[in-house]
Peer 1: 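Before we start, here is the structure in question, set down as structure tokens.
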Amino acid sequence: MRLALISDLHGNLTALDTVLDDINRNPVDAVVCLGDVAATGPQPRETVGRLRDLGCPVVMSNADAELLHPPLRPVPEKETDDRRRIREIDYWCAAQLSPADLDFLGGFRPTIRFGLDAEHSLLCFHGSPRSYDEIITATTPDADLDRMFSGHEATLMAGGHTHEQLFRRHRDAIFLNPGSVGLSPPFAEYARVSSTNSRLGIELRRLPLTLEEIRRSALESGMPHAEWWTDFWR
């Protein structure tokens, strides 16, 4: 069994196509998406379309759930300028999606489980198995992970959300974050998982992006605060 794990696409079709081209050069049996598909990027509709055509299972995330249920978040009394810009971009992203696109997002699943072989299994989620809002980092205490993973068993636990690649052992399991496809300047990140003769293989991939193409896609999209968004890609 060979899988590609992609996460946190964030409406960045250029980055997604870069990753899919890399996957096609060394094909896998399946692709799994860990969520954050369409929010906070210049090509939400196009990214959803590419993912739908791919036909892969997708995990429900915080950002995608917010696109389904506007208003995206209550506006704090003292909202920062950056938070306001992100909120306005996400409102714009939601408005770009058709009813069919929203139906597609509504079909995302809280968790996705794969049997890799007779000995190894994979559990996919966004933040943690119990909440797409929870954050797992290299320094998250083991006791916190015990609570997050309670009731869920797998050889490999895979989540996104932080936009940071991570490989970490916890008890008898491995936690893997494939990184972000669409918001890890100046790269597009993903992971490959394989199981051959009961041996588990994990590869974290990081692909350079053509920054001028990223910048052009944002400036031509009509997305609000496009110049501010492209500053992340300088």
Side-chain angles (χ1 to χ4, degrees), residues 4-24 31-54 56-68 72 82 85-97 101 104-105 108 124-127 132 135 158-166 176-192 204-234:
L5 301 180
I6 61 175
S7 187
D8 296 271
L9 286 53
H10 285 292
N12 189 335
L13 183 66
T14 301
L16 176 58
D17 282 345
T18 298
V19 166
L20 294 179
D21 287 346
D22 191 70
I23 292 171
N24 288 335
V31 177
V32 185
C33 179
L34 307 184
D36 275 11
V37 170
T40 328
Q43 299 149 310
R45 181 179 62 255
E46 295 87 348
T47 302
V48 168
R50 185 77 82 249
L51 198 62
R52 185 193 294 113
D53 291 344
L54 192 61
C56 70
V58 186
V59 167
M60 179 61 75
S61 72
N62 59 308
D64 294 321
E66 288 168 355
L67 293 183
L68 285 169
L72 302 181
D82 284 355
R85 293 185 185 103
I86 291 171
R87 178 171 54 82
E88 291 173 358
I89 290 172
D90 287 349
Y91 273 118
W92 177 85
C93 289
Q96 307 310 302
L97 301 180
D101 294 331
F104 176 66
L105 266 64
F108 296 173
C124 298
F125 42 86
H126 186 66
Y132 49 51
I135 292 173
H161 195 41
T162 67
H163 301 184
E164 294 182 357
Q165 290 184 323
L166 178 62
L176 170 68
N177 188 323
S180 173
V181 170
L183 276 179
S184 288
F187 302 105
E189 299 173 336
Y190 80 105
R192 302 178 71 99
L204 295 172
R205 300 280 290 164
R206 176 174 280 180
L207 310 173
L209 293 168
T210 304
L211 300 190
E212 186 54 40
E213 187 174 352
I214 298 284
R215 177 176 171 79
R216 183 172 61 252
S217 70
L219 295 178
E220 294 177 354
S221 68
M223 178 179 73
H225 310 297
E227 284 281 2
W228 172 83
W229 188 88
T230 61
D231 283 344
F232 291 106
W233 296 89
R234 294 188 186 280

Peer 1: Heavy atoms only: give me the nearest Ala188-Ala15 pair and the separation to one decimal.
Peer 2: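 That would be CB-O, 3.9 Å.
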Peer 1: Within the structure provided, determine whether Leu34 and Pro178 are in side-chain contact (heavy-atom separation under 4.5 Å).
Peer 2: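 They are in contact (side-chain heavy atoms under 4.5 Å apart), so the answer is yes.
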Peer 1: I need the His10 NE2 to Asp64 CG distance, nearest 0.5 Å.
Peer 2: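 Spacing of NE2 (His10) from CG (Asp64) equals 8.5 Å.
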Peer 1: Quick check: closest heavy atoms across Ala38 and Leu67, and the distance to 0.1 Å?
Peer 2: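 Taking every non-hydrogen atom into account, CB-CD1, 3.7 Å.
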Peer 1: Among Leu51, Thr14, Asn12, Leu13, which one satisfies side-chain contact (heavy atoms from CB on, under 4.5 Å) with Glu46?
Peer 2: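 Of all the options given, the one that passes is Leu13.
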Peer 1: Can you check whether Leu20 reaches Leu54 side chain to side chain, under 4.5 Å on heavy atoms?
Peer 2: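 With C-beta onward as the side chain, the pair touches.
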Peer 1: Where is the tightest heavy-atom contact between Thr18 and Pro208, given as atom of each residue plus distance?
Peer 2: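 Closest pair (atom of Thr18, atom of Pro208, distance): CG2-O, 4.3 Å.
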Peer 1: Taking atom OG of Ser7 and atom NE2 of His126, what is their separation to the nearest 0.5 Å?
Peer 2: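 Rounded to the nearest 0.5 Å, the OG-NE2 separation comes to 5.5 Å.
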Peer 1: To the nearest 0.5 angstrom, please state how far the CD1 atom of Ile23 sits from the OH atom of Tyr190.
Peer 2: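 Taking CD1 in Ile23 and OH in Tyr190, the distance rounds to 5.0 Å.
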Peer 1: So do Cys56 and Val32 actually touch side chain to side chain, heavy atoms under 4.5 Å?
Peer 2: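 No, their side chains stay 4.5 Å or more apart.
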Peer 1: Taking side chain as C-beta onward, heavy atoms only, is Gln43 less than 4.5 Å from Ser221?
Peer 2: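 Side chain of Gln43 against side chain of Ser221, heavy atoms only: no contact under 4.5 Å found.
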Peer 1: Supply the atom-to-atom distance Arg87 CZ to Ile89 CD1, rounded to the nearest 0.5 angstrom.
Peer 2: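 Result: 11.5 Å between the selected atoms.
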Peer 1: Are any non-hydrogen side-chain atoms of Leu97 and Leu105 less than 4.5 angstrom apart?
Peer 2: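 Yes, side chains in contact.
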Peer 1: Does a side-chain heavy-atom distance below 4.5 Å link Val37 with Thr47?
Peer 2: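 They are in side-chain contact.
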Peer 1: Indicate yes or no: at least one non-hydrogen side-chain atom of Leu204 is less than 4.5 angstrom from one of Asn177.
Peer 2: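 No; the side chains remain at least 4.5 Å from each other.
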Peer 1: Quick one: which residue pairs count as a salt bridge (Lys or Arg N to Asp or Glu O under 4.0 Å) with a foot in residues 11-24, not counting sequence neighbours?
Peer 2: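 The answer is Asp17-Arg50, Asp22-Arg25, Asp22-Arg205.
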Peer 1: To check you understand the geometry: which heavy-atom pair defines the closest contact between Leu9 and Cys33, and what is its length?
Peer 2: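 Taking every non-hydrogen atom into account, CD1-SG, 3.8 Å.
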Peer 1: Rounded to the nearest 0.5 Å, what separation is found between the CD atom of Gln165 and the OG1 atom of Thr162?
Peer 2: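 Going from the CD atom of Gln165 to the OG1 atom of Thr162 covers 9.5 Å.
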Peer 1: Can you pull out every salt bridge (Lys or Arg N to Asp or Glu O under 4.0 Å) where at least one residue sits in residues 221-231? Sequence neighbours excluded, please.
Peer 2: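 Qualifying pairs: Arg215-Glu227, Glu227-Arg234, Asp231-Arg234.
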Peer 1: Can you tell me if Glu189 uses its side chain to pair, donor with acceptor, with the backbone of Ser180 under 3.5 Å?
Peer 2: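 Here the side-chain-to-backbone pair exists.
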Peer 1: Holding to side chain to side chain donor-acceptor pair (under 3.5 Å), I want the full list of residues that pass it with Asp82, two or more places apart in sequence or in another chain.
Peer 2: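 Result, side chain to side chain donor-acceptor pair (under 3.5 Å) vs Asp82: Arg85, Trp228.
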Peer 1: Please check this pair: side chain of Asp36 against backbone of Asp8, looking for a donor-acceptor N/O pair closer than 3.5 Å.
Peer 2: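 Not at all, since once roles are kept as given, no pair shorter than 3.5 Å links the two residues.
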Peer 1: Identify the heavy atoms of Ala65 and Tyr132 that sit nearest to each other, and give their distance.
Peer 2: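 For Ala65 versus Tyr132, the nearest heavy atoms are CB-OH, 3.5 Å.
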Peer 1: If you look at every heavy atom in Leu219 and Ala226, which pair is closest and at what distance?
Peer 2: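 The pair with the smallest heavy-atom distance is CD2-CB, 4.0 Å.
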Peer 1: Working to the nearest 0.5 Å, report the span between CE of Met223 and SG of Cys93.
Peer 2: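 Reported value, rounded in 0.5 Å steps: 7.5 Å.
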Peer 1: Can you tell me if His163 uses its side chain to pair, donor with acceptor, with the backbone of Ser184 under 3.5 Å?
Peer 2: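 Flag not set: sc His163 to bb Ser184 has no pair under 3.5 Å.
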Peer 1: Taking the side chain as every heavy atom from C-beta outward, state whether Thr40 and Trp92 have any atom pair closer than 4.5 Å.
Peer 2: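 When only atoms from C-beta onward are counted, Trp92 and Thr40 do not touch, as no gap falls below 4.5 Å.
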Peer 1: Does the side-chain contact (heavy atoms from CB on, under 4.5 Å) test come out yes or no for Phe187 and Leu209, once each step is laid out?
Peer 2: CA-CA 5 Å; Phe187 302 105; Leu209 293 168; 5.7 Å; no
